[in-house]
2 protein chains.
Amino acid sequence: MTTSAVHTPRGPVTRKDVARYAGVSTAVVSYVVNGGPKKVAPATEAKVQEAIRILGYRPNAAARALKMGSNQTLGLVIPDSSNPFWALLGHAVEVAAAERGYALLLTNSDNNLDSERRHIRNLADRQVDGVVLASVMFEPDLLELFGTEIRSVLLNHASVAPGFNSVGVDLEAGARLAVEHLIGHGHTNIGLAMGITADNEADGREEGWRRALEAAGLPVGPLARGGFDRPGGYAAGQRLLAADNRPTAIFASSDMQAIGLLRAIREAGLSVPDDIAVASFDGSIEAEYSWPALTTVEQPVWEMAEAAVSALVGENRNEPPQHRVFPTQLRIRQSCGCP
Amino acid sequence: MTTSAVHTPRGPVTRKDVARYAGVSTAVVSYVVNGGPKKVAPATEAKVQEAIRILGYRPNAAARALKMGSNQTLGLVIPDSSNPFWALLGHAVEVAAAERGYALLLTNSDNNLDSERRHIRNLADRQVDGVVLASVMFEPDLLELFGTEIRSVLLNHASVAPGFNSVGVDLEAGARLAVEHLIGHGHTNIGLAMGITADNEADGREEGWRRALEAAGLPVGPLARGGFDRPGGYAAGQRLLAADNRPTAIFASSDMQAIGLLRAIREAGLSVPDDIAVASFDGSIEAEYSWPALTTVEQPVWEMAEAAVSALVGENRNEPPQHRVFPTQLRIRQSCGCP
DNA sequence: GCTTTTTGTTGACTCGAGTAGATCCCGGTG
DNA sequence: CACCGGGATCTACTCGAGTCAACAAAAAGC
């Protein structure tokens, strides 16, 4: 044991070490670190700041979280973070959260309900301040899962669930935009490559496709279902091409699907848009760089992420659940037949 | 006030509530929840389990983290989680972490050094048990940033940094595989679309391209630098096409770059692989679905993520820093000229 | 010069869970 | 019958930070 007054502590530096070094109480250190709730004399503050600097003190987030009941963290549950659309959404949510000082716990449900439930439980245990849930499915027992303690937002969800905040786009209107555009190119036999939604309830995109055709007095074209991903679109495409009344245009319910679809069309020796025109939904970056570039219905992903995060942590977080529906925009490229 | 003995507590349920309900001490509740370190009589255990079930008790992770000094969380810092390659890596890391009971805090550095530093600091403050850092750049002051308290792994990093765990692939060998394959198709003028690395030190991929050409006695073809992303590849492609000695084959340092490159080539009215053959690096899913499908050097992303996570939380986590280099594999598709 | 008020600082309690050490109770032994 | 072993349980302290009531010291008021 030396007799020196102060020596660098070995383990992580705590508030106590700083207090000792600066010759003040631990309370003052807190006041300095948080800028309140009590005032500190300028001279004392300087001493404390110096001590913090010298010792390299960083407050322990776990302790703070315990005391405050919040660890400034949000949870995000998405089906597959390597799918470009979800990846983009994840990125946007991360940025929106970071802007507000929140970190993001990312989890993949792999389109698996059990896995999704486990993740939600886990997030709840970790005392996240809110959960952004992007699920292709919807289960009524979600309400119990979340209990009433934990805030949540359903993102990109088709149906409006009572008791939940939700943020989505007008799927039907978006689909109509695309299909109407294809009709404008003179197509009369327009197929649909539709993703699979667990509840098997007609998705707004399917509805929009039907309505647009009806409104134009056209017959309903062939429909094929498959996953929302590339392989799903590829498989759906093969079936559409094999149909008796092969469509001359196809609307795909996601960009990824459209990319799989393009592949199926190429493999059949046909060309896009000359033999078959294509339009899709989402507006991801892949659509811009595919060949031909995809005409797609763009979702305002960044705004949606903003809205989702602000519903969780904004000052209006104690109001009754909100349902925000964003408009979509048709981004015209070449796959539809436009030059 | 009713006179009933027990009523559901309003706020979150704590260990104390469970103890009261089950008529035991709080210690016993802990023993039951954690299965130790002391034994509990079967009858008592049943009572406690029942109480937990009825009250819906979930232990507070923040409190546990405070006491245990770990919150079973890892941090991941990547340049851009909406870039498919990083997204895939992120997904793989998330899965590897989840398998071990760890959650993943995702952050985007946006290729920005300051932002990267901020995120690392932030993760450290949050007492993550380790950080997976995927950075295109490398800065020597990283060591200080991490201090000695926090474990870290450099993922997908070119240079081997002393004092750090790292996991990567043999970039040079991979690049040679691809370039040698292009040479095998008879090309004698092979260009390079190279990504930009901050330290401006020759990346292994550039080196591999040079070496393969030298070994075959061929002249070094034109080189263009641009971002590793699609726009970067597009820009690099335009420059390569405008070069005096326009190459008949191009090796791109990432799949995303190659996709931008394909676009530039198409816009110039040329075709792949007839006019210009292309091969790239990464092995992401986009490569499989692009047109034409990209011949690419595949990185074993899942194994790499496994290795990275296990270096952080495995039982060998206290050994000296390891540097693991994985082999790559050439995935042959059509963009190189193969049928 | 002696109250008031203001300003600055501190000790002590709190959050919820982990766990060592003390205590209690029971059957078995000398 | 006093004693001991040992299993089951409880008490009490700990982790690190936020914050309030209490207090000391300095400033202002009369």
Can you tell me if the side-chain N/O atoms of [X] get under 4.0 Å from OP1 or OP2 in [N]?
{"X": "B:S30", "N": "C:dG18", "value": "yes"}
{"X": "A:N60", "N": "D:dC15", "value": "no"}
{"X": "B:T44", "N": "D:dA8", "value": "no"}

hbond_proxy [X] side chain to [N] base (donor-acceptor, 3.5 Å cutoff):
{"X": "A:R15", "N": "D:dG18", "answer": "yes"}
{"X": "A:R64", "N": "D:dA17", "answer": "no"}
{"X": "B:Y31", "N": "C:dA20", "answer": "yes"}
{"X": "B:K38", "N": "C:dG21", "answer": "yes"}

Whether B:R53 and B:E50 form a salt bridge (side-chain N of Lys/Arg under 4.0 Å from carboxylate O of Asp/Glu) is what I want to check.
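Result for this pair is yes, salt bridge flagged.
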Which one, D:dA17, C:dA17, D:dT9, comes nearest to the side chain of A:Y57?
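Selected nucleotide (nearest to the side chain): D:dA17.
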Minimum-distance nucleotide (side-chain atoms of A:V24 versus C:dG8, C:dT10, C:dG16):
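Closest of the options to the side chain of A:V24: C:dT10.
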Between [X] (side chain) and [Y] (backbone), is there a donor-acceptor pair under 3.5 Å?
{"X": "A:R126", "Y": "A:L105", "value": "no"}
{"X": "A:T107", "Y": "A:L76", "value": "yes"}
{"X": "B:D17", "Y": "B:T14", "value": "yes"}
{"X": "A:N165", "Y": "A:A311", "value": "no"}

Between B:T26 and B:L66, name the one whose nearest nucleotide on DNA chain C is closer to the 5' end.
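Result of the comparison: B:L66.
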Residue closer to the 5' end of DNA chain C, B:N34 versus A:V40 (nearest nucleotide)
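Nearest-nucleotide comparison on DNA chain C picks A:V40.
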Rounded to whole angstroms, how far apart are [atom1] on [X] and [atom2] on [N]?
{"X": "A:N71", "N": "D:dA17", "atom1": "CG", "atom2": "P", "value": "16 Å"}
{"X": "A:K16", "N": "D:dA17", "atom1": "NZ", "atom2": "C1'", "value": "12 Å"}
{"X": "B:I52", "N": "C:dA17", "atom1": "CD1", "atom2": "C1'", "value": "13 Å"}
{"X": "B:M68", "N": "C:dG16", "atom1": "CE", "atom2": "P", "value": "17 Å"}
{"X": "A:D17", "N": "D:dG16", "atom1": "CG", "atom2": "P", "value": "9 Å"}
{"X": "B:R20", "N": "C:dG16", "atom1": "CZ", "atom2": "P", "value": "12 Å"}
{"X": "B:Q127", "N": "D:dC15", "atom1": "CD", "atom2": "P", "value": "15 Å"}
{"X": "B:K67", "N": "D:dC15", "atom1": "NZ", "atom2": "P", "value": "8 Å"}

Does B:A63 or B:S25 map to a spot on DNA chain D nearer the 5' end, using the closest nucleotide for each?
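It is B:S25, whose closest nucleotide lies nearer the 5' terminus.
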How would you label the contact of B:A27 with the nucleic acid (heavy atoms, under 4.0 Å): base, sugar-phosphate, or nothing?
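Base: the residue B:A27, judged by heavy atoms under 4.0 Å, touches a nucleobase.
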How many angstroms lie between atom CD1 of B:I54 and atom CD of B:Q49, to the nearest 0.5 angstrom?
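CD of B:Q49 is found 12.0 Å from CD1 of B:I54.
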